[in-house]
> 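This structure is in structure tokens; I'll ask about it shortly.
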Amino acid sequence: MVAWCWLDVFALLSSYYIMRPIRDQAGVAGGVQNLQWLFTGTLVGMLLLNLPFAYLVKKLPRSRFIPLTYHFFVINILLFAVALHVADSAQSVWVGRIFFIWASVYNLFVVSVFWQLNVDLFSPEQGKRLFGFIAAGATIGAITGSSVTASLARYVSPTFLLIGAAALLEIAVFAVGRLAQLSPVLHHRPADADAQREEQPIGGSIVAGIVNAVRSPYLLGVCAFMMLFAITSTFLYFEQARIVRDSFSDRGAQTAFFASIDLAVNVLTLAIQLFFTGRIVSRLGVALALALLPAMTMIGFGALAAMPSLGAIAGFQVIRRAADYAIARPTREVLFTVVPREDRYKTKGFIDTFVYRLGDQVGAWSMAALGGLGASVAALAAIPIAALWLGNALWLGRRQDLLEAAPARASAND
């Protein structure tokens, strides 16, 4: 099972990290002063995609709606490959802006769908033990994808890179099919009984993800976690774009720099995931494991305020993103193992995509307002946001422990 999870997420992240530096360079080429509008477009695109996805979840079993979602994105990638190939220099700026929006939607959506499947397959105990190890497959994929782009960006057209990204996404579809077949083995149930359960559509309302996220204090807390994470991430992204714009004039050099950062992040992430993630989550617990990233973020923005340089932004990005991918992300997925099955797909999808991009909006327009005050002011403004995020993480971790223990207490009383 874990091997097929690895292949699935390896293919997804290889595909995305081939495209990510192209996206980042397109954002710079379209004008750093226009980035907030691209983030607004991303939020709109995320909202438009959530509703039809919720309809698929309602009507189809996961063995059908997940491949359909991936096939949709494959077609999109190939269309962008054609558009970038035929566009002239003026048109390529607008194609790049649209691609920036689409790639930002694609990233969150396909990764969210992968983790929706995993929190549905694994129990809370299995998640704590295995999610960090499974996430290592994502890191290997990210290293592969960023290495390809870092090596070829100066010599190969983005069109050919996008075709490779589309092929990798089709490999993920194959892995999803194998996971569906092996699910009975994981749960020690007869294949026919498991298939009957999982081939039933989840049903419910297409707006259940939104309604449940607002009604549940626990899920509302997860929304706050994602919002605060996204706001601080956007602050950092804008600072990176500004510093890179001022440091490099060549587009190929900008793309190669972004890819090099991605590569360093993922090498460090892999080392942590393979040797430390499981131990950290087991020994510290969910609350403290979640709190590590906001604590690091407070320290990092303090350092950036004191020294807003290319080296400082690179170091902060590498450490912060590695801590996110290796520790915060697998731990955050454990939060969803204690919620009903409908929430694992609909509400989780809504939080991972729309709520995250809503946080991007808050961060983007806040940066636009703070931009005239200087980089140090923007960095200092992120510190109290990270402090609020730290308190939220500690509360969520304690609440997850209580919800996980509740079924055990109920069984003991039967």
Side-chain angles (χ1 to χ4, degrees), residues 12 16 20 23 27 35-59 62 65-66 68-70 72-73 76 97-120 202 204-235 237-238 324 328-329 332-333 335-336 339-367 385 388-389 392-393 396:
L12 289 177
Y16 172 63
R20 180 186 171 106
R23 181 206 71 167
L35 278 176
Q36 65 268 25
W37 292 106
L38 299 183
F39 277 77
T40 300
T42 300
L43 178 67
V44 173
M46 200 68 77
L47 179 62
L48 293 177
L49 195 58
N50 259 288
L51 294 178
F53 178 75
Y55 180 80
L56 291 179
V57 172
K58 174 184 177 180
K59 292 294 186 181
R62 72 184 184 199
F65 71 72
I66 294 178
L68 280 174
T69 302
Y70 288 175
F72 168 78
F73 282 112
N76 286 194
R97 287 170 175 164
I98 297 170
F99 180 74
F100 182 101
I101 293 171
W102 175 89
S104 300
V105 172
Y106 167 85
N107 168 38
L108 290 186
F109 221 93
V110 296
V111 174
S112 177
V113 169
F114 168 77
W115 284 110
Q116 288 165 24
L117 175 62
N118 276 264
V119 298
D120 199 25
I202 293 173
S205 167
I206 63 172
V207 296
I210 302 172
V211 173
N212 294 350
V214 175
R215 285 181 176 175
S216 166
Y218 178 70
L219 291 173
L220 200 58
V222 180
C223 288
F225 185 95
M226 291 299 292
M227 280 277 291
L228 295 167
F229 168 64
I231 290 170
T232 56
S233 296
T234 304
F235 271 48
Y237 185 84
F238 270 63
D324 176 34
R329 181 64 189 254
R332 190 170 76 233
E333 300 307 333
L335 298 175
F336 289 99
V339 301
R341 192 163 186 249
E342 183 179 41
D343 288 332
R344 295 175 188 176
Y345 286 97
K346 295 180 183 177
T347 309
K348 175 173 167 49
F350 172 74
I351 293 172
D352 285 350
T353 58
F354 180 78
V355 172
Y356 184 94
R357 290 308 180 198
L358 183 60
D360 280 345
Q361 281 295 287
V362 175
W365 288 101
S366 297
M367 282 296 290
I385 298 173
L388 181 62
W389 179 25
N392 165 263
L396 272 177

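Not measured: the values here are computed from a predicted model.
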> Which atom pair, heavy atoms only, marks the closest approach of Lys348 to Val119?
CD-CG2, 4.2 Å

> Please evaluate residues Val44 and Leu48 with respect to the criterion side-chain contact (heavy atoms from CB on, under 4.5 Å), reporting the C-alpha separation (whole Å), side-chain torsions for both, the decisive distance (0.1 Å), and the verdict.
CA-CA 6 Å; Val44 173; Leu48 293 177; 4.0 Å; yes

> Would you name the heavy atoms of Asp324 and Arg332 that are closest together and state the gap between them?
OD1-NH1, 3.8 Å

> What I'd like to find out is whether the side chain of Tyr218 reaches to under 4.5 Å of the side chain of Leu396, using heavy atoms alone.
yes

> Are any non-hydrogen side-chain atoms of Phe336 and Trp115 less than 4.5 angstrom apart?
no

> Below 4.5 Å, heavy atoms only, C-beta onward: do Leu49 and Thr353 meet side chain to side chain?
no

> Evaluate the side-chain proximity of Ile210 to Phe354: yes if any heavy-atom separation is below 4.5 Å, no if none is.
no

> Report all side-chain donor-acceptor pairs from residues 101-108 shorter than 3.5 Å, counting only partners two or more places apart or in another chain.
unit_1 : atom_1 : unit_2 : atom_2 : d
Trp102 : NE1    : Asn76  : OD1    : 2.8
Ser104 : OG     : Arg23  : NH1    : 3.4
Ser104 : OG     : Phe100 : O      : 2.8
Tyr106 : OH     : Ser15  : OG     : 2.9

> Which heavy atom of Val110 sits nearest a heavy atom of Tyr70, and at what distance?
O-OH, 3.5 Å

> Evaluate the criterion side-chain contact (heavy atoms from CB on, under 4.5 Å) for residue pair Tyr345 and Val113; output intermediate values, then yes/no.
CA-CA 8 Å; Tyr345 286 97; Val113 169; over 6 Å; no

> Using a 3.5 Å cut-off and no angle test, enumerate the donor-acceptor pairs between side-chain atoms of residues 219-234 and protein atoms at least two apart in sequence or in another chain.
unit_1 : atom_1 : unit_2 : atom_2 : d
Thr232 : OG1    : Leu228 : O      : 3.2
Thr232 : OG1    : Phe229 : O      : 2.9
Thr232 : OG1    : Arg320 : NH2    : 2.6
Ser233 : OG     : Phe229 : O      : 2.9
Ser233 : OG     : Arg320 : NH1    : 3.0
Thr234 : OG1    : Ala230 : O      : 2.9
Thr234 : OG1    : Asp360 : OD1    : 2.7

> Tell me, please, which residues at least two apart from Asp343 pass side chain to side chain donor-acceptor pair (under 3.5 Å).
Asn212, Thr347

> If you count every heavy atom of other residues, nucleotides or ligands that lies below 6.0 Å from Trp37 atom CH2, does the total exceed 12?
no

